[in-house]
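Here the structure is laid out as structure tokens; the discussion comes afterwards.
Only this structure's heavy atoms are used, side chains among them; waters, hydrogens and symmetry mates stay out. One is the number of the first residue; the rest follow in order along the sequence. Here the structure is a predicted model, which is why all the values come from computation and not from measurement.
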Amino acid sequence: MSNAYKFGVSTWLWQSPFTTESVALFPKIKELGYDLVEIPVENPSLIDGKVVKEELQKNGLEPSVCGVFGPTKDLTSEDETLHQNCFTYVEQCFELCNLLEVDFLAGPMYSMVGKARMIPEEKRKAEWELAVKNLRRVCEIAKNQGQNIALEPLNRFESDMVNTAADVVRLTNDINESNAKVLLDGFHMTIEEKNIREAINTVGDKLIHVQVSENHRGIPGTGLTPWQDFQLGLTDIGYKGAIVIESFTPEIKELAGAVCIWKTMANSQDEFASEGLKFLKQTFK
């Protein structure tokens with residue numbers, strides 16, 4: 001039986017930030033056997049979308065686009081400048097998506113990554129309502145460009161707002177816009193969910209993108225992730241999107257520090273990509 005899914009890998013496995021010159025990775029990614037390359041947009045000004053599109057086509061690869069939300073982009077901040085930074089940034093990302101013929105931007109765009117605090121319930125409620133309000137505007141910006149958003153729950157160490165499938169469904173329901181969808185990442189799920197199959201079913205047809213690595217951010221198949229439950233959950237809901245390996249190179253110290261990767265997870269990043277893909281193709285059919 002041929003695989004029902006397209007398999008991708010994030011360029012974060014090798015590099016950060018993604019720039020126009022990062023297209024040099026595309027021949028290798030194709031040779032390793034991938035269908036898709038995930039482009040994390042840390043700085044849109046570093047990316048010439050026309051060159052990227054040409055190189056994707058030349059190498060027979062499809063793209064996905066992931067947003068990056070650091071301290072200068074926070075839709076729950078009291079500083080409205082940070083909201084505007086987000087709106088400007090996502091508009092640039094949607095323009096790139098359209099150029100690359102991708103119909104969604106993925107990521108935890110409800111708040112800056114790393115905002116994890118014990119705060120009073122009143123403040124938590126106010127931040128939730130601010131996120132909903134601002135994400136409605138993001139959805140409006142997206143609709144004007146024919147785009148969707150895929151909101152990603154993060155583990156408790158990276159967010160105090162949206163950690164589980166139930167959380168992100170509540171958020172999309174509160175936003176109440178047809179183009180507010182969901183990304184699930186198996187790494188975060190192994191920390192936060194009680195049952196991965198049930199979590200996937202909780203999201204149902206809102207799920208438009210999937211990222212994976214192991215519970216320790218290593219090669220899929222080398223850790224504690226309940227992969228059969230993952231596979232059954234995707235089958236339950238008839239998921240037809242991509243499955244993308246997202247992990248990070250320890251060689252880029254700033255990136256490795258941000259995601260707390262203190263050691264190498266494979267003999268080489270190429271081995272990580274190769275062995276991970278082999279496992280995914282055996283597991284998700």
Does the side chain of [Y] come within less than 4.5 Å of [X]'s, by heavy atoms?
X	Y	answer
Ile200	Leu184	yes
Met109	Val138	yes
Leu151	Leu171	yes
Val68	Val41	no
Glu192	Arg156	yes
Asp74	Cys86	no
Thr11	Pro40	yes
Asp185	Val212	no

Who passes side chain to side chain donor-acceptor pair (under 3.5 Å) against Glu21, sequence neighbours left out? Thr19
Those residues at least two apart in sequence (or on a different chain) that pass side chain to side chain donor-acceptor pair (under 3.5 Å) with Asp205 are none
Indicate yes or no for a side-chain donor-acceptor contact from [X] to the backbone of [Y] under 3.5 Å, with no hydrogens or angles considered.
X	Y	answer
Asn201	Arg197	yes
Tyr89	Gly67	no
Ser247	Ser213	no
Asn173	Arg170	no
Asn98	Gln145	yes
Gln147	Phe104	yes
His188	Leu154	no
Asn179	Cys139	yes
Ser268	Glu271	yes

Do Glu42 and Ser16 have a side chain donor and acceptor closer than 3.5 Å? yes
With a 3.5 Å cut-off and no angle check, do the side chains of Ser77 and Asp79 form a donor-acceptor pair? no
Drop me the distance from [X]'s [atom1] to [Y]'s [atom2], to the nearest 0.5 angstrom.
X	Y	atom1	atom2	value
Ile191	Glu193	CD1	CD	11.0 Å
Glu127	Lys115	CD	NZ	4.5 Å
His209	Leu105	NE2	CG	10.0 Å
Arg117	Ser159	CZ	OG	8.5 Å
Leu36	Ser64	CG	OG	4.5 Å
Arg136	Asp174	CZ	CG	7.5 Å

Of all the heavy-atom pairs spanning [X] and [Y], show the shortest one and how long it is.
X	Y	value
Tyr239	Val210	OH-N, 3.2 Å
Phe157	Asn155	N-OD1, 2.8 Å
Ala180	Thr172	O-CG2, 3.8 Å
Ala273	Leu13	CB-CD2, 3.7 Å
Asp167	Trp128	O-CH2, 3.6 Å

I would like to know whether Ile149 and Val90 meet side chain to side chain contact (heavy atoms under 4.5 Å, CB included); could you show each step before the answer? CA-CA 10 Å; Ile149 62 171; Val90 297; over 6 Å; no
Kindly state whether the ring of Phe69 and the ring of Tyr110 have centres lying under 6.0 angstrom apart. no
Centre of Phe187's six-membered ring, under 6.0 Å away, within 45 degrees of the axis: is that where NZ or CZ of Arg217 sits? yes
Same cluster or not: [X] versus [Y], using hydrophobic residues (I, L, V, M, F, W, Y) connected whenever any side-chain heavy atoms lie under 4.5 Å apart?
X	Y	result
Ile237	Val244	no
Leu135	Met112	no
Ile39	Leu99	no
Met265	Phe279	yes
Leu100	Leu183	no

Note: [X]-[Y] ion pair, threshold 4.0 Å (strictly below):
X	Y	value
Lys28	Asp270	yes
Glu275	Lys278	yes
Lys181	Glu152	no
Lys194	Glu198	no
Arg124	Asp160	yes

Sequence neighbours left out, cut at 3.5 Å: what donor-acceptor pairs do the side chains of residues 55-63 make with other protein atoms?
unit_1: Glu55; atom_1: OE2; unit_2: Lys58; atom_2: NZ; d: 3.1
unit_1: Asn59; atom_1: ND2; unit_2: Glu55; atom_2: O; d: 2.8
unit_1: Glu62; atom_1: OE1; unit_2: Lys6; atom_2: NZ; d: 3.2
unit_1: Glu62; atom_1: OE2; unit_2: Lys6; atom_2: NZ; d: 2.6

Run Leu75 and Leu130 through side chain to side chain contact (heavy atoms under 4.5 Å, CB included) and show every step you take. CA-CA 7 Å; Leu75 292 180; Leu130 190 55; over 6 Å; no
Check the pair Leu280, Thr283 against side chain to side chain contact (heavy atoms under 4.5 Å, CB included), reporting the backbone distance first and the verdict last. CA-CA 5 Å; Leu280 293 182; Thr283 303; 5.6 Å; no
Over 12 non-hydrogen atoms of neighbours within 6.0 angstrom of CD in Glu31: no
Show me the side-chain donor-acceptor pairs of residues 223-231 shorter than 3.5 Å, one per line, residues at least two apart or across chains.
unit_1: Thr225; atom_1: OG1; unit_2: Glu214; atom_2: OE1; d: 2.7
unit_1: Trp227; atom_1: NE1; unit_2: Glu214; atom_2: OE2; d: 2.8
unit_1: Gln231; atom_1: NE2; unit_2: Thr235; atom_2: OG1; d: 3.1

Working for side chain to side chain contact (heavy atoms under 4.5 Å, CB included), residues Thr222 and His216: CA-CA 9 Å; Thr222 64; His216 48 58; 3.2 Å; yes
Out of Met161, Glu129, Lys123, His83, which residue meets the side chain to side chain contact (heavy atoms under 4.5 Å, CB included) rule with Thr76? Met161
Do any pairs count as a ring-ring contact (aromatic ring centres under 6.0 Å, His included) and have a residue in residues 13-62, sequence neighbours left out, and if so which ones? none
Test: salt bridge (charged side-chain N to carboxylate O under 4.0 Å, His left out). Region: residues 93-103. Which pairs qualify, not counting sequence neighbours? Lys53-Glu101
